[in-house]
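Values reported hereafter were calculated over all heavy atoms of this structure, with side chains retained and with hydrogens, waters and symmetry mates removed. On a predicted model such as this, the values are computed, not experimentally measured, just so you know.
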Amino acid sequence: MIRQRLLFTALLASAATLFGQTPAPQAAAPSPQTAQQTAAFLAPYTDSQTLLVAHVDLDRIDSAALFHFIDTLLANVPHSEDARKSLPMAQTAFDLYFVRLKQIGIRHIYVVSDQTDLAMSAMGGVSLAGALLVPLPAGADPAAANALYTAMGLDKSTGIPQPTVLPGNVLAISSPEIIARLRRPSASPAESRTLTDAFSADEGAAVQVVGLLSHDAQRVLTEMPFHLPPSLGGQSSSDYTTGLEAATAALSLPPQPQVTVTLSATDPAAAARLATAFNNLMHSIPATPWFTDELQIPAPKTKDTLRTLLTRLSFTPSGSTASLRLQGDELTSTVASLLVPDFQMQREISLRVKAASQMKELMTACLAYASSHQGDYPPTLQTLVDDKLISDARLLTSPRDLTDKTFVYHPWTAEQLKKLSPSETPTIWEHANQPDTGVNVAFADGHIEFMRLEKYVEEELQDAEKKLKP
């Protein structure tokens with residue numbers, strides 16, 4: 001918590017420093033950007049290998065509505081109290097930088113990513129899987145944008161000291177290899193029609209992400225199709241790619257949040273065929289072995305929400321596209337449900353640390369007892385309470401959500417410990433309520449470990465018993 005407060009303080013201080021500088025002239029509010037304009041900007045930076053392009057329209061982001069929506073979501077998520085308390089400070093930091101972006105004249109942010117970018121990123125070759133492109137107003141000095149880039153800490157998080165200025169006063173944030181490619185005129189840019197159709201899916205969205213399927217990729221998938229895993233039905237990839245040109249995910253932010261997924265096809269017949277294929281896949285997933293047996297989600301209700309969502313959502317073909325939308329209460333409940341496992345995991349980690357701290361205190365008391373009893377550990381943990389070596393009996397139980405909260409204890413004697421390795425001898429541990437529940441374990445030398453399975457503790461005890469046999 002202290003670290004989070006320091007981080008927010010640093011954000012506020014750096015943003016305040018920026019506002020202490022001479023502000024850049026406020027750019028006049030432009031008319032809403034059309035899909036054709038978005039496509040025209042991106043096309044020169046694409047080629048036959050481009051897999052993904054994206055557009056963020058800052059003019060369509062309402063900070064107050066966005067953070068109110070986040071607060072409403074978190075109100076429905078258990079154990080999110082700390083996150084909700086931090087929202088006002090987070091919004092303040094966000095607003096300071098957001099206003100500065102507008103002052104500089106930045107209103108649109110784009111992403112371009114090729115197959116090679118993603119492959120290099122997976123191997124650790126580049127820090128970003130593609131390029132971030134930020135157009136500045138004609139004649140604007142990039143110095144203000146560079147200062148903001150540094151103040152936001154992006155130079156450290158991306159590993160790129162400063163953006164590169166491309167022709168047209170466009171800032172590019174990427175590796176030198178990708179920058180060099182972006183400087184060269186593309187020999188095979190993505191078709192303007194394809195890009196325009198993809199970004200037309202929801203022109204009012206604040207964020208649009210488009211996956212492209214080039215003619216080369218289409219040919220490869222047609223000639224060498226792969227199959228889904230048997231646990232997902234085993235269908236051929238060609239069922240979901242034949243006739244597909246692009247897939248767009250568009251996010252409209254509060255006050256009217258909406259998620260739209262659109263498939264752009266070569267013709268109406270292909271759009272209808274793709275809609276049927278994807279609908280059949282979504283509706284059948286809840287009954288597949290992958291969903292019923294392999295998909296592990298900490299919160300059972302989340303899995304139920306996903307099951308209901310997959311069986312209800314459907315792509316609706318219209319001309320050469322097929323779209324589905326998620327909005328209103330259905331969107332809110334779905335997002336809230338998806339957040340539940342994360343917050344449950346955060347709470348679990350917090351309780352796990354607290355349990356380990358209690359066990360450390362118990363082991364310290366056990367060692368103190370042993371020092372005055374010829375090296376023998378106490379016969380029971382309750383002895384520590386009775387002998388006033390610990391002041392609170394609640395230390396004897398785990399704070400975690402376990403069926404049996406009482407710590408398990410093995411009272412080793414000095415004679416036994418002479419034959420054992422104390423660093424490998426379990427002394428206090430938690431009793432898991434399920435076979436795959438991890439447990440804290442305190443060893444005879446006083447150190448604590450978290451073991452993923454309780455059976456590992458049992459194996460350690462069996463090893464100890466073998467060493468103690470005559």
Side-chain angles (χ1 to χ4, degrees), residues 1-4 78-79 81-82 296 298-299 341 343-470:
M1 183 60 70
I2 293 175
R3 184 178 297 177
Q4 290 177 344
H79 319 304
E81 296 81 6
D82 289 343
Q296 299 297 322
F343 280 96
Q344 285 192 332
M345 181 58 68
Q346 289 182 22
R347 179 173 182 269
E348 164 63 15
I349 291 174
S350 175
L351 293 177
R352 186 187 300 173
V353 171
K354 184 178 179 182
S357 177
Q358 289 181 207
M359 294 171 73
K360 186 70 175 177
E361 192 168 343
L362 291 175
M363 282 305 303
T364 300
C366 285
L367 291 170
Y369 179 94
S371 67
S372 58
H373 289 78
Q374 293 77 47
D376 292 340
Y377 278 11
T380 68
L381 290 179
Q382 181 61 37
T383 305
L384 300 176
V385 180
D386 298 339
D387 289 4
K388 296 183 171 46
L389 289 170
I390 59 172
S391 58
D392 193 341
R394 288 177 295 183
L395 291 173
L396 306 182
T397 59
S398 172
R400 295 172 64 201
D401 296 328
L402 302 172
T403 303
D404 184 355
K405 290 179 173 291
T406 304
F407 288 128
V408 186
Y409 172 67
H410 194 294
W412 300 106
T413 66
E415 197 64 32
Q416 290 173 325
L417 289 174
K418 288 179 182 178
K419 301 177 183 179
L420 301 174
S421 172
S423 64
E424 298 176 355
T425 305
T427 303
I428 303 172
W429 62 94
E430 296 169 304
H431 182 63
N433 52 0
Q434 294 181 12
D436 59 349
T437 301
V439 294
N440 284 304
V441 184
F443 290 82
D445 65 345
H447 86 278
I448 314 293
E449 288 184 18
F450 183 78
M451 304 186 80
R452 291 184 57 205
L453 299 174
E454 189 178 6
K455 72 173 185 177
Y456 296 154
V457 184
E458 296 170 357
E459 291 172 359
E460 296 273 12
L461 288 171
Q462 290 171 4
D463 289 341
E465 291 172 359
K466 289 178 182 178
K467 292 177 181 177
L468 294 176
K469 287 182 178 179

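Residues L420 and W412 meet the side-chain proximity criterion, which asks for heavy atoms closer than 4.5 Å. Side-chain contact check for T425 versus H410: every heavy-atom pair is 4.5 Å or farther apart.
Checked by atom type and distance alone, the side chain of S350 never pairs as donor or acceptor with a backbone atom of Q346 at under 3.5 Å. Proximity of a side-chain donor or acceptor of Y409 to a complementary backbone N or O of Q382 within less than 3.5 Å is not detected. Looking only at distances, no side-chain donor or acceptor of E460 sits under 3.5 Å from a matching main-chain atom of P426. A donor-acceptor pair is defined here as one N or O able to donate and one able to accept, closer than 3.5 Å; such a pair exists between the side chain of T364 and the backbone of K360.
When the side chain to side chain contact (heavy atoms under 4.5 Å, CB included) test is applied to T397, the partners found at least two apart in sequence or on another chain are K405, T406. Under the side chain to side chain contact (heavy atoms under 4.5 Å, CB included) criterion, P422 pairs with A444, D445, not counting sequence neighbours.
Here the straight-line distance linking atom CG of L396 with atom CG of L381 works out to 5.5 Å at 0.5 Å rounding. We find the OH-OG1 distance between Y377 and T413 to be 11.0 Å, quoted to the nearest 0.5 Å. In this structure, L468 CG and K418 NZ are separated by 13.0 Å, a value rounded to the nearest 0.5 Å. Rounded to the nearest 0.5 Å, atoms CG (D376) and SG (C366) are 12.0 Å apart. In this structure, CZ in R400 is found 12.5 Å from NE2 in H431, a value given to the nearest 0.5 Å. If you take CD on E424 and CG on L461, they are separated by 12.5 Å, rounding to the nearest 0.5 Å.
Contact between Q358 and P399 at its shortest, heavy atoms only, is OE1-CD, 3.6 Å. Between L362 and L384, the shortest heavy-atom contact is O-CD1, 3.9 Å. The minimum heavy-atom distance linking S398 with A355 is given by the pair OG-CB, 3.9 Å. Scanning both residues, F443 and M363, for their nearest heavy atoms gives O-CE, 3.2 Å. Across D387 and Y369, no two heavy atoms sit closer than the pair OD2-CE1, 3.5 Å. Smallest separation of non-hydrogen atoms from L417 and G375: CD1-O, 4.4 Å.
Within a 6.0 Å sphere centred on NZ of K467, other residues, nucleotides and ligands contribute more than 12 heavy atoms.
The only member of V457, D404, L402 that meets side-chain contact (heavy atoms from CB on, under 4.5 Å) when paired with E430 is L402.
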